[in-house]
Amino acid sequence: MLTRIPKGTKDVLPAESGRLQAVEAVMREKARLAGYQEIRTPVFEHTELFARSAGETSDVVRKEMYTFLDKGDRSITLKPESTAGVVRAFIESGLYAQALPLKVYYLSAPHFRYEAPQAGRLREHHQFGMECFGAPEASADAELIQTAMDVLTSLGLKGVALRINSIGCPDCRPAYQQKLRDYLHTKTDVLCKDCVERTETNPLRVLDCKNPECQKELRDAPRMLDDLCDSCREHFEALKRFLDAAEIPYAVDPSIVRGLDYYTKTVFELTTDTPTGTLTACGGGRYDKLVEQIGGPSIPAVGFGMGIERVLMLLDQLSPEDQKLNVPSSAPDVFVASLNRVLAVNAFELMLAFRHAGLKADMDHAARSLKAQFKYADKLGAAYVAILGDDEVQKGVVKLRDMRTKEEIEVSLASAPETLNSRIPKHGKEA
RNA sequence: GUGGGUAUAGUUCAGUGGUAGAGCGCCAGAUUGUGGCUCUGGAAGUCGUGGGUUCGAGCCCCACUACUCACCCCA
């Protein structure tokens, strides 16, 4: 138990962290280009916030939250999603009083859901997400979708599919829900047990059922899209025009309803096919009533969340050449090897001199044989090894060995950093 | 919550009742001041846990635990 990672969590090991950073860099840059600024909110919030936003009947709130009482008897919950916390901060800090729309993003924010882990599903996962406040127009929805899509395709992912739907608003949804419920009541004997139950609690959710039998029966079910009010219909039509303008193909999928209750109008998902099935990498939508519902002014908003582990998982299915990642190199430009322990101090000084010159420099910290130091330097991928022996130190020089060409030159200790700097390709120094 | 699969060295895995193994990795030597390749040697295992069958169990049986995959839902 002691050396066992908790179920549903993952370590990011040194071998993978570079890739992760590269993915994050793309997300950050795309958000920046779209005018979004970073926001960071706490890992935990008051439980009530999630209950009020995601909805008391949602799966997330009902059975998946990490909730506990802190020492002050406050009910605290590790965030299962980020929108609620961002909305809370938006209201609490009075950001609505500033210029709107306000555009924010969060990156690698940890999220917690207590559920059975499996491929692409963790108890702690991380999300990149973007939220836009005070923008009622569909161009904002389209901008978010386009940015999310851009992130995925920029990373080299192919076949990312966009599915969109509108689930209406408080003006038109209740009437539709009743209509749908009436229809479902005529199918009670053929629908699965879950669906019969959902007919009463959350009829929209029935549309989402994966049971083929249910899907068959739902073919002729009334569609929210046919019963949208003028405002919602116009918004949806406008969204399609903006997506067309961005040349983003999409499929209208009436079965997308989303698991969180706060959505209005636009909902969407970005999915990719995997050998084991379709994986949703990104999901989001509009939430025009949420800010008000949590106690803020009436301000419309729209946003999405993207699962970082899922993105990495999809990238793993690509060949290394197809992954468009700029992974920073950790290989040293130079490894300082020394013949004995006494010389380690000279080696230390030389290593620092290299670093001052902006070179990635490392040295032996294990008092190993020269041969072992070379072996280690090779494993690290060092471009050069600087060799310090008694002779060299006495003469005030150092040998620089090019590990690739095996060419060795002897230069003065003082000029070594400059010499190497001129020989190391620039990109090698930046990472 | 329901149903599959797996559990042996750091790691990936072989081992169908009779001495605990291999590849990779790690350390060292061959080469006493020089890496990758090669060769040689070395360290490293409560065979998930507990019970049972047997002269004898890593292997067969039972239970438990952990992990994992799938369903549901989601990122």
Side-chain angles (χ1 to χ4, degrees), chain A residues 1 3-10 13 15 54 57-64 79-83 106 108-129 148 152 192-195 197-198 202 205-206 208-212 214 256-260 267 269-272 275-284 303-314 335 337-340 343 366 368-393 399-408:
Chain A
M1 227 39 192
T3 54
R4 196 125 193 189
I5 196 167
K7 191 184 177 89
T9 64
K10 275 181 97 166
L13 300 174
T57 62
S58 66
D59 278 6
V60 168
V61 171
R62 269 183 28 232
K63 49 188 191 188
E64 294 177 0
K79 64 181 171 193
E81 61 102 30
S82 271
T83 299
Y106 48 88
S108 283
H111 291 74
F112 304 86
R113 293 183 198 171
Y114 192 88
E115 52 187 337
Q118 55 189 266
R121 241 183 57 201
L122 297 162
R123 287 184 175 178
E124 184 198 35
H125 75 280
H126 299 79
Q127 285 187 25
F128 161 63
L152 297 180
C192 72
K193 204 177 64 203
D194 286 346
C195 281
E197 193 184 313
R198 284 190 287 234
N202 197 341
R205 194 62 46 89
V206 177
D208 198 30
C209 184
K210 300 291 190 293
N211 187 322
C214 293
I256 301 181
V257 297
R258 312 288 309 151
L260 306 169
V267 288
E269 292 180 357
L270 294 181
T271 59
T272 302
T276 54
T278 302
L279 193 73
T280 301
C282 173
F304 72 79
M306 185 181 289
I308 291 182
E309 284 85 355
R310 288 195 177 175
V311 170
L312 285 169
M313 205 174 143
L314 293 172
F335 184 93
S338 52
L339 262 299
N340 58 57
L343 294 171
R368 284 194 281 212
S369 70
L370 186 67
K371 180 192 177 107
Q373 291 180 58
F374 264 91
K375 237 175 159 164
Y376 182 61
D378 188 59
K379 291 234 171 63
L380 295 178
Y384 281 81
V385 169
I387 307 146
L388 277 182
D390 292 308
D391 297 347
E392 283 84 0
V393 170
K399 270 189 190 149
L400 299 177
R401 179 183 176 89
D402 184 325
M403 291 296 273
R404 200 171 47 79
T405 65
K406 300 185 174 188
E407 178 200 2
E408 248 172 55

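Note on naming: letters A, B, ... go to the chains in the order of the sequence lines (proteins, then strands), and numbering restarts at 1 for each one.
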When we call it a touch if two heavy atoms are under 4.0 Å apart, what does L279(A) touch: a base, just sugar-phosphate, or nothing? nothing

On a whole-Å scale, what distance lies between the C1' atoms belonging to rA63(B) and rA20(B)? 27 Å

Sticking with atom C1', work out how far rU32(B) lies from rC13(B), rounded to a whole angstrom. 40 Å

Given the P atoms of rG36(B) and rG29(B), what is the spacing between them in whole Å? 13 Å

Within the supplied structure, the quantity of interest is the number of heavy atoms (other residues, nucleotides, ligands) at a distance under 6.0 Å from F112(A) CZ; does it exceed 12? yes

Closest to side chain of P117(A), choosing from rU68(B), rA30(B), rC74(B): rU68(B)

Suppose we define a pair by two distances each less than 3.5 Å, Watson-Crick or G-U wobble; what does rU31(B) pair with here? none

State the pairing partner of rU6(B); accept Watson-Crick or G-U wobble contacts with both distances under 3.5 Å, and report none otherwise. rA66(B)

Under 4.0 Å: is that the gap between some side-chain N or O of K7(A) and OP1 or OP2 of rC67(B)? yes

So, H125(A) and rA75(B): ring centres less than 5.5 Å apart, planes less than 30° off, yes or no? yes

Test your reading of the model: is there a side-chain donor-acceptor pair from E309(A) to the backbone of H126(A), 3.5 Å cut-off? yes

rU12(B) and rU68(B): how far apart are their P atoms, nearest whole angstrom? 13 Å

Looking at rC73(B), rA28(B), rU34(B), which one has an atom nearest to any side-chain atom of R205(A)? rC73(B)

Regarding rC67(B), can its base be found pairing with the side chain of R4(A) as donor and acceptor, where the two atoms are less than 3.5 Å apart? no

Students often get this wrong, so: under 4.0 angstrom with heavy atoms, is G129(A) touching a base, only sugar-phosphate, or nothing? nothing

R310(A) side-chain proximity, nearest of rG35(B), rC26(B), rA75(B): rA75(B)

Can you find a donor-acceptor pair, distance only, under 3.5 Å between E115(A) side chain and rA75(B) base? yes

Checking N1-N3 plus N6-O4 or O6-N4 for Watson-Crick, or N1-O2 and O6-N3 for wobble, each under 3.5 Å, the partner of rC71(B) is rG1(B)

Polar side-chain contact R121(A)-rC69(B) base: donor and acceptor under 3.5 Å: no

Mind checking if A119(A) touches a base, just sugar-phosphate, or nothing, with heavy atoms under 4.0 Å? sugar-phosphate

On a whole-Å scale, what distance lies between the C1' atoms belonging to rU54(B) and rG18(B)? 12 Å

K371(A) side-chain N/O to rA30(B) phosphate OP1/OP2 under 4.0 Å: no

Enumerate all atom pairs, one protein N or O and one N or O from nucleotides 36-45 of chain B, separated by less than 3.5 Å.
unit_1  : atom_1 : unit_2  : atom_2 : d
rG36(B) : O4'    : D378(A) : OD2    : 3.2
rG36(B) : O6     : K406(A) : NZ     : 3.2
rG36(B) : N1     : M403(A) : O      : 3.4

Using Watson-Crick or G-U wobble geometry with both distances under 3.5 Å, which nucleotide pairs with rC59(B)? none

Of all heavy-atom pairs between A337(A) and Q373(A), which one has the smallest distance, and what is that distance? CA-OE1, 3.1 Å

Of the non-hydrogen atoms in R258(A) and R205(A), which two are nearest, and what is the gap between them? O-NH2, 3.3 Å

Taking NZ, NE, NH1 and NH2 as the nitrogens, is one of them in K63(A) or E115(A) under 4.0 Å from a carboxylate oxygen of the other? no

Which part of the nucleic acid, if any, lies within reach of R113(A) when heavy atoms closer than 4.0 Å are counted: base, sugar-phosphate only, or nothing? base

Reference residue R113(A); test side-chain contact (heavy atoms from CB on, under 4.5 Å); the match among R123(A), E64(A), K79(A), R121(A): E64(A)

With sugar-phosphate meaning primed atoms plus P, OP1 and OP2, does K63(A) contact a base, only sugar-phosphate, or nothing at under 4.0 Å between heavy atoms? nothing

C282(A) and F304(A): which non-hydrogen atoms are nearest, and at how many Å? SG-CD1, 3.4 Å

Closest-nucleotide 5' rank along RNA chain B - winner of A372(A) and A281(A): A372(A)

Tightest non-hydrogen contact, residues F374(A) and I387(A), listed as CZ-CD1, 3.9 Å

Any strand counts, and the cut-off is 3.5 Å on both contacts for Watson-Crick or G-U wobble. Which nucleotide pairs with rC26(B)? rG42(B)

Heavy atoms under 4.0 Å, any strand shown: does L122(A) hit a base, just sugar-phosphate, or nothing? base

Would you check if the side chain of Q127(A) reaches a backbone N or O of E81(A) as a donor-acceptor pair within less than 3.5 Å? no

Has the side chain of E408(A) got a donor or acceptor that lies under 3.5 Å from a partner of the other kind on the base of rU34(B)? yes

On the nucleotide rA70(B), are OP1 or OP2 found under 4.0 Å from the side-chain N or O atoms that Q118(A) carries? yes

With a 4.0 Å cut-off on heavy atoms, is R123(A) in touch with a base, just the backbone sugar-phosphate, or nothing at all? nothing

